[in-house]
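Atoms within each ligand, like the ligands themselves, are counted from 1 in listed order.
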Amino acid sequence: MRFLVPFEATRPKTRLNPVLDAAERAAFARAMLRDVLAALRAAGHDPTVVATQAVDEGDVPVAVDDRPLSAAVNARLGGTDPVGILVADLGLVTPAAVGSLVDASDEGGVAVAPGRGGGTNGLVVSHPDFRVDFHGVSVRDHLAAARAVGAETWVVDSMRLSTDVDEPADLVEVLLHGEGEAAAWLRDAGFALDIGEGRVGIDRTV
Ligand SMILES: Nc1nc2c(ncn2[C@@H]2O[C@H](COP(=O)(O)OP(=O)(O)OP(=O)(O)O)[C@@H](O)[C@H]2O)c(=O)[nH]1
Ligand SMILES: C[C@H](OP(=O)(O)O)C(=O)O
């Protein structure tokens, strides 16, 4: 299946500002992007990166589109074939998790993988009239938009797909469960779990 992977390449992951400087945020965002692309490919799909500026990801096609996120994605929807959408900031993604999203969908419908805090991390769109509307409580908006065009909906129950890495606390999940470049990047940068009295946090030793 064709998959769109939107990527903010210009100023990625600004909410990680408390723990990573701008160059580190760019490098970590690219590591997560590579994990997402590798998982999609290993699951047998064809990713295209839809990026705000040029990035080189080897033989993965990159479409540069400086429109806002939803406009850039919607410009690529509307055909008859199903299209997947997967965000680029999934540091826990695996081929099996991608498979759970694809398997949830069916002819004519819209499958949605919710993100933490009301967002949407993945979609499989098999209805020509469905359009995305990211930001805000987008998971709720996407389910309503699908029903409004008469599409059947499915919600994917996946810890790995729901954990988008937006805030410093999310790095705990990458350190614990990540299996790819993002987790390795964090360890190389000196991050480790901070295990104290309350919820586990992160600590940086170098
Ligand atoms: N093509 C495109 N992708 C975007 C845009 N904004 C965000 N994205 C991507 O959409 C997904 C979800 O975005 P966010 O979680 O807000 O990521 P972000 O913009 O890097 O992070 P913050 O600066 O912390 O909001 C990620 O895959 C981003 O790379 C945009 O304007 N254009
Ligand atoms: C783009 C946005 O991402 P979040 O800010 O929830 O990570 C969303 O999922 O609608």
Identify which one of V200, I202, D194 satisfies the side-chain contact (heavy atoms from CB on, under 4.5 Å) criterion when paired with L175. I202
Atoms in ligand 1 with a heavy atom of [X] nearer than 4.0 Å:
X	result
V87	11 (C), 27 (O)
D89	15 (O)
P12	20 (O)
T52	2 (C), 30 (C), 31 (O), 32 (N)
D166	15 (O)

Nearest protein heavy atom with distance in Å, relative to [atom]:
atom	result
atom 31 (O) of ligand 1	L69 N, 3.5 Å
atom 1 (N) of ligand 1	V50 O, 2.9 Å
atom 3 (N) of ligand 1	F7 N, 3.3 Å
atom 25 (O) of ligand 1	R15 NH2, 3.1 Å

Nearest 0.5 Å, please: how far is CG in N74 from CZ in F134? 8.5 Å
Checking contacts here: is it the side chain or the backbone of D164 that comes within 4.0 Å of ligand 1, counting heavy atoms only? Could be both or neither.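 Neither; no heavy atom under 4.0 Å.
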Check the pair R25, E8 against salt bridge (charged side-chain N to carboxylate O under 4.0 Å, His left out), reporting the backbone distance first and the verdict last. CA-CA 11 Å; R25 294 197 297 276; E8 165 55 67; over 6 Å; no
Sorted by first residue and then second, give each side-chain hydrogen bond (donor to acceptor under 3.5 Å, both in side chains) pair with at least one member in residues 125-140; sequence neighbours left out.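 Listed by first then second residue: T120-S138.
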Tell me the closest heavy-atom pair linking D166 and K13, and the distance in Å. OD1-NZ, 3.1 Å
To check you understand the geometry: which heavy-atom pair defines the closest contact between A151 and V110, and what is its length? CB-CG2, 4.0 Å
Does atom 10 (O) of ligand 1 have a protein heavy-atom neighbour under 4.0 Å away? yes
With side chain to side chain contact (heavy atoms under 4.5 Å, CB included) as the test, would you mind laying out the steps for L90 and M32 before giving the verdict? CA-CA 6 Å; L90 300 178; M32 290 197 289; over 6 Å; no
Flag yes if more than 12 heavy atoms outside D203 fall under 6.0 Å of its CG atom; otherwise flag no.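 Atom CG in D203 is crowded, with more than 12 foreign heavy atoms closer than 6.0 Å.
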As a test of reading the model: which residues have a non-hydrogen atom less than 4.0 Å away from ligand 2? R15, L69, G119, T120, F134, H135, S138, D164, D166
Apply side chain to side chain contact (heavy atoms under 4.5 Å, CB included) to the pair D81 and R2, showing each step before the final yes or no. CA-CA 9 Å; D81 292 336; R2 187 165 68 97; over 6 Å; no
Heavy-atom distance to atom 22 (P) of ligand 1: which of L4, D65, V165, T14 wins? T14
Nearest to atom 17 (O) of ligand 1 by heavy atom, R11, K13, E8: which? K13
Are the side chains of E167 and R116 in contact, using a 4.5 Å heavy-atom criterion?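 R116 does not reach E167 side chain to side chain.
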So is there a nitrogen or oxygen of A51 less than 3.5 Å from a nitrogen or oxygen in ligand 1? no
Output, in order, the C-alpha distance, side-chain angles, deciding distance and verdict of side chain to side chain contact (heavy atoms under 4.5 Å, CB included) for L20 and F191. CA-CA 11 Å; L20 298 175; F191 285 93; 3.7 Å; yes
